[in-house]
Amino acid sequence: MMKKKVTNDVSPEIKKSLRTRIITSIVGVAIVLPCIFFGDYAFLILVLAAVGVGGYELVRCAKKKYNPALYILSIILLLAFATFPILKNLLTNGANGFHLYDDFDIVYVSAALILFGAILSFSLVLIDKNFEVRDACYIFAFGIIIGLGSQCLLFLRYFPMYEAYDALMINNGDNKYYFDWVESAMLLVLVVGGSLMSDTGAYFTGILFGKNKINERISPKKTWEGFVGGIVFSMIFTLAIGYGMAACGRPIISIFGIESNNWFYLLIVSIIIPFVSPLGDFIFSSIKRYYNIKDFGSILPGHGGVLDRIDSVLFSAISVSILIIVFNCIYYGTWENLFI
């Protein structure tokens, strides 16, 4: 039996889809980048909006008619998980001297929220006949991933500012340790950009050169050639941003108190991102295949829903946040923050 020849001709349908994806990406960048660089409440609102839409997509993908309360409670729990450091600070210190960067010195996992979410999820199985145990497990598990990933996005944006002001206070206001909002945004730009470049590189390399499928059962279009292309594109982007900032005298990693071996820490981050990004994509794709849907939503033409676009970003954010915490534990010699 002759093996079917694999061709990489770009069909009119792919060209049309690509054009739509590019237009949506340009509009998305025009909205997202200012929020990232302005930081503060602009970025907080952007993340909370994404969490709200993502929470809705999380529940609706099962294509069942659930009680509306399930949507509302799911979104509220995701928002609480994402903003738990802020809620914790408000309950502890009130609103006096409230700054977002004061809250994100670490990533917090709330045992109380996890327990409440588990009880709520499995209690709804008894109330709503359409809500099965497998649906409760899916929403509970992926709700934690979305909530924690969203909190890590906030951490990556605000933690550099927290460290900068902490250094400023320790060194009696020496301006050497101060940097502006734009500079403090570069860590998040590095992570999000590296993740998106991994997706973009894999997409274009797969279209042009892809022949060997990774796992057709989960994601029929993804190839090993695309995977390698994603790694190359992502590492070129992250290393260029990282070393470009270092060449300008503003190394990204040094804002965490790590002055020595800056290149080594940057290289670790650059390697991790293109490997965990496809993992997030595959995990969310497996859910879509299980529920037999093409996309989680349609709010982003050419891309699908919010979860279709940020699935890999969430995994990258969680991974790099853990790395940053480990880097600081190594530098300061204190490991208690690693277990919070």
In terms of hydrophobic clusters joined by side-chain contacts under 4.5 Å, are [X] and [Y] together?
X      : Y      : value
Ile26  : Tyr203 : yes
Ile241 : Val32  : yes
Val320 : Phe264 : yes
Leu90  : Ile106 : yes
Ile75  : Ile127 : yes

**Request:** With sequence neighbours excluded, tell me which residues meet side chain to side chain donor-acceptor pair (under 3.5 Å) with Glu225.
**Result:** Asn212

**Prompt:** Excluding sequence neighbours, so at least two apart, what forms side chain to side chain donor-acceptor pair (under 3.5 Å) with Lys222?
**Reply:**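 For Lys222 the side chain to side chain donor-acceptor pair (under 3.5 Å) partners, ignoring immediate neighbours, are Ser219, Asp281.
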
Side chains of [X] and [Y] in contact at under 4.5 Å (non-hydrogen atoms):
X      : Y      : answer
Leu124 : Leu70  : yes
Phe227 : Phe275 : yes
Val109 : Leu148 : yes
Phe315 : Ile283 : yes
Thr223 : Phe209 : no
Leu46  : Phe43  : yes
Arg157 : Val47  : no
Leu267 : Met235 : yes

**Asked** Is there any salt bridge (Lys or Arg N to Asp or Glu O under 4.0 Å) pair reaching into residues 310-319, and which pairs are they, with sequence neighbours excluded?
**Response** none

**Message:** Other residues, nucleotides and ligands only: do more than 12 of their heavy atoms fall within 6.0 Å of CD1 on Ile299?
**Reply:** no

**Message:** So for atom CZ, which belongs to Phe116, do other residues, nucleotides or ligands contribute more than 12 heavy atoms lying within a distance under 6.0 Å?
**Reply:**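 For Phe116, atom CZ is not crowded (no more than 12 foreign heavy atoms under 6.0 Å).
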
Where is the tightest heavy-atom contact between [X] and [Y], given as atom of each residue plus distance?
X      : Y      : value
Ala50  : Val306 : O-CG1, 3.8 Å
Asp199 : Ser312 : OD2-OG, 2.8 Å
Ile31  : Cys35  : O-SG, 3.4 Å
Pro34  : Val29  : CD-O, 3.8 Å
Val276 : Ser319 : CG1-OG, 3.6 Å
Ile287 : Cys61  : CG2-SG, 4.3 Å

**Asked** Strictly by modelled atom types, are Ser270 and Thr238 linked by a side-chain donor-acceptor pair under 3.5 Å?
**Response**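 Side chains of Ser270 and Thr238: pair found under 3.5 Å.
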
**Message:** Show every side chain to side chain donor-acceptor pair (under 3.5 Å) that has at least one partner inside residues 23-38, sequence neighbours left out.
**Reply:** Ser25-His303

Nearest 0.5 Å, please: how far is [atom2] in [Y] from [atom1] in [X]?
X      : Y      : atom1 : atom2 : value
Phe282 : Asn215 : CZ    : CG    : 6.0 Å
Leu307 : Lys288 : CG    : NZ    : 9.0 Å
Tyr158 : Ile86  : OH    : CD1   : 7.0 Å
Leu279 : Phe284 : CG    : CZ    : 10.5 Å
Ile273 : Leu190 : CD1   : CG    : 5.0 Å
Ile310 : Phe296 : CD1   : CZ    : 10.5 Å

Side chain [X], main chain [Y], donor-acceptor under 3.5 Å:
X      : Y      : value
Ser277 : Pro274 : no
Ser234 : Gly194 : yes
Gln151 : Phe84  : no

**Request:** Start with the C-alpha distance between Phe327 and Val269, add both sets of side-chain angles, then the distance that settles side chain to side chain contact (heavy atoms under 4.5 Å, CB included), and finish with yes or no.
**Result:** CA-CA 11 Å; Phe327 291 164; Val269 171; 4.0 Å; yes

**Asked** For Phe159 and Phe104, what are the C-alpha separation, side-chain angles and deciding distance, and is it a ring pair (Phe, Tyr, Trp, His ring centres under 6.0 Å)?
**Response** CA-CA 5 Å; Phe159 182 65; Phe104 292 93; 9.7 Å; no

Contacts table for residues 132-146: side-chain donor-acceptor under 3.5 angstrom, sequence neighbours left out:
unit_1	atom_1	unit_2	atom_2	d
Glu132	OE1	Arg134	NE	3.3
Glu132	OE2	Lys64	NZ	3.0
Arg134	NH1	Tyr290	OH	2.9
Asp135	OD1	Tyr291	OH	2.9
Asp135	OD2	Lys64	NZ	3.0
Asp135	OD2	Tyr66	OH	3.0
Asp135	OD2	Glu132	N	3.2
Tyr138	OH	Leu58	O	2.8

**Asked** Looking at residues at least two apart in the chain, or sitting in another chain, which of them share a side chain to side chain contact (heavy atoms under 4.5 Å, CB included) with Ala317?
**Response**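 Counting only residues at least two positions away or on another chain, Ala317 forms a side chain to side chain contact (heavy atoms under 4.5 Å, CB included) with Cys152, Leu153, Leu156.
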
**Request:** Report the C-alpha separation of Tyr265 and Ile324 in whole Å, then their side-chain angles, then the decisive distance to 0.1 Å, and conclude whether the side chain to side chain contact (heavy atoms under 4.5 Å, CB included) test is met.
**Result:** CA-CA 9 Å; Tyr265 292 106; Ile324 294 301; over 6 Å; no

